[in-house]
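Let me begin by presenting the structure, written as structure tokens, before commenting on it.
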Amino acid sequence: MAALAGTVGLAALFPASGALARVAGAACDLAVALLFFLYGARLSTRETLAGLRHLRLHGLVLVATFVLFPLLGLATALLTPVPLTGALQTGVLFLCLVPSTVQSSVALTGAAGGNVPAAICAGTYSSLAGLVLTPLLAAWLLGSHTALSADGLLRIGLQLLAPFLLGQLSRPWLGGLLSRHKRVLTPVDRGSILLVVYTAFSAAVSQGIWGLATPLALLGLLAVLLALLAAALAATGLGARLLGLDRPATVAAVLCGSQKSLANGLPMAAVLFGAQAGLMVLPLMLYHQLQLIVGTVLAGRWSRAPAATTAGPVPAALSGPGAPPAPG
């Protein structure tokens, strides 16, 4: 969180322009390709296929991510009491098209006493589906706001899908090495994301972002994002209960189905929106912070409460007949 805020501040004070902006843009493209190469090299195909037995859970997460969220995003344009500027509204809808995350979903699911292997697979399947569904949904729902054309699809294929597939092919040689040096590679992941943020916000500053992101617009955006998060938590909890998932699987479904991936969303936005990405990724960045804060509070609460406790709509959805008590 601190690094993201610092990067936005750096872009506000010292935005890249001219030759520096071109160098930063080229470095950003390379960083995005490296990021997706590492995703592919780390992903265990065997573990991914083994997780298919949790079909109801994975189906719920995919429906929440790529059906429920887009519908909620479209509804925000009609139902929000404080109208958002065009770029912010587009950013809210783009946020709703981004796949779920793996890292924070797994960490929160573990803290809440949920099914961690299922959360790993649910986040992975969502990320894989998002490589295809997010650009297609963006082209359909955002239309002229994206740079998606035949050339745009080719760029996505070359910058996202090709490095990912190359990483998968290289896994027999690199998989073990990457697993042993996770801490060394963490700065590469985070540095790539921060470079995308710096490049996008530098362009946004040059386009007058602070004139569009007024205090009233930011307050309205925060209210919309909180409403989206609450609706996603309630809907996935209810869906898990209707599907008869046990408590650990329900915890995983609720946390995975309500999360959005900053690591996947920012590179995709850089490819889809180009120089216009700055203001459009602001909703995703704010939502990411909100989901971590709310998810941490809920995970702590659920880990301390017995499964039969019904305190509010979401915890009630986590209780059910035959659900085992939560650890801790």
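- In the hydrophobic cluster analysis, where Ile, Leu, Val, Met, Phe, Trp and Tyr join through side-chain heavy atoms closer than 4.5 angstrom, Leu298 is grouped apart from Leu57.
- Note that CG of Leu228 is 6.5 Å distant from CG of Leu95, once rounded to the nearest 0.5 Å.
- Counting heavy atoms from C-beta on, the side chains of Gln89 and Thr76 come closer than 4.5 Å.
- A distance-only check finds no donor-acceptor pair linking the side chain of Arg171 to the backbone of Gly167 [under 3.5 Å].
- Within the 4.5 Å cutoff, side-chain heavy atoms of Leu284 are placed close to those of Lys260.
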Verdict with supporting geometry, Ser100 and Tyr125, side-chain contact (heavy atoms from CB on, under 4.5 Å): CA-CA 9 Å; Ser100 180; Tyr125 297 149; over 6 Å; no
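- Contacts of Phe94 classified as ring pair (Phe, Tyr, Trp, His ring centres under 6.0 Å), with partners at least two apart in sequence or in another chain: Phe273.
- Residues His288 and Thr101 fail the side-chain proximity criterion, which asks for heavy atoms closer than 4.5 Å.
- Of the inter-residue distances, the one linking Leu20 atom CG with Phe14 atom CZ reads 12.0 Å to the nearest 0.5 angstrom.
- Rounded to the nearest 0.5 Å, atoms CZ (Phe69) and OG1 (Thr236) are 8.0 Å apart.
- If you chain together hydrophobic residues whose side chains sit under 4.5 Å apart, Leu238 and Val61 never meet in one group.
- Counting heavy atoms from C-beta outward, Asn115 and Val251 have side chains that stay 4.5 Å or more apart.
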Donor-acceptor pairs are to be reported for all side-chain atoms of residues 129-138 against protein atoms at under 3.5 Å, with residues two or more places apart or in another chain.
unit_1 : atom_1 : unit_2 : atom_2 : d
Thr134 : OG1    : Leu97  : O      : 2.7
Thr134 : OG1    : Gly130 : O      : 3.2

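- Side chain to side chain, Ser258 and Gln291 fail the donor-acceptor criterion of an N or O pair below 3.5 Å.
- Both Leu229 and Leu74 are members of a single hydrophobic cluster when ILVMFWY side chains are connected at heavy-atom separations under 4.5 Å.
- With a 4.5 Å cut-off on side-chain heavy atoms, Trp302 and Leu255 count as touching.
- Between the OG1 atom of Thr250 and the CZ atom of Arg56 there is a distance of 9.0 Å, given to the nearest 0.5 Å.
- When each of Leu226, Val281, Leu225 is checked for a side-chain contact (heavy atoms from CB on, under 4.5 Å) with Leu286, only Leu225 meets the rule.
- No donor-acceptor distance shorter than 3.5 angstrom exists from the side chain of Ser126 to the backbone of Ala122, with no hydrogens or angles considered.
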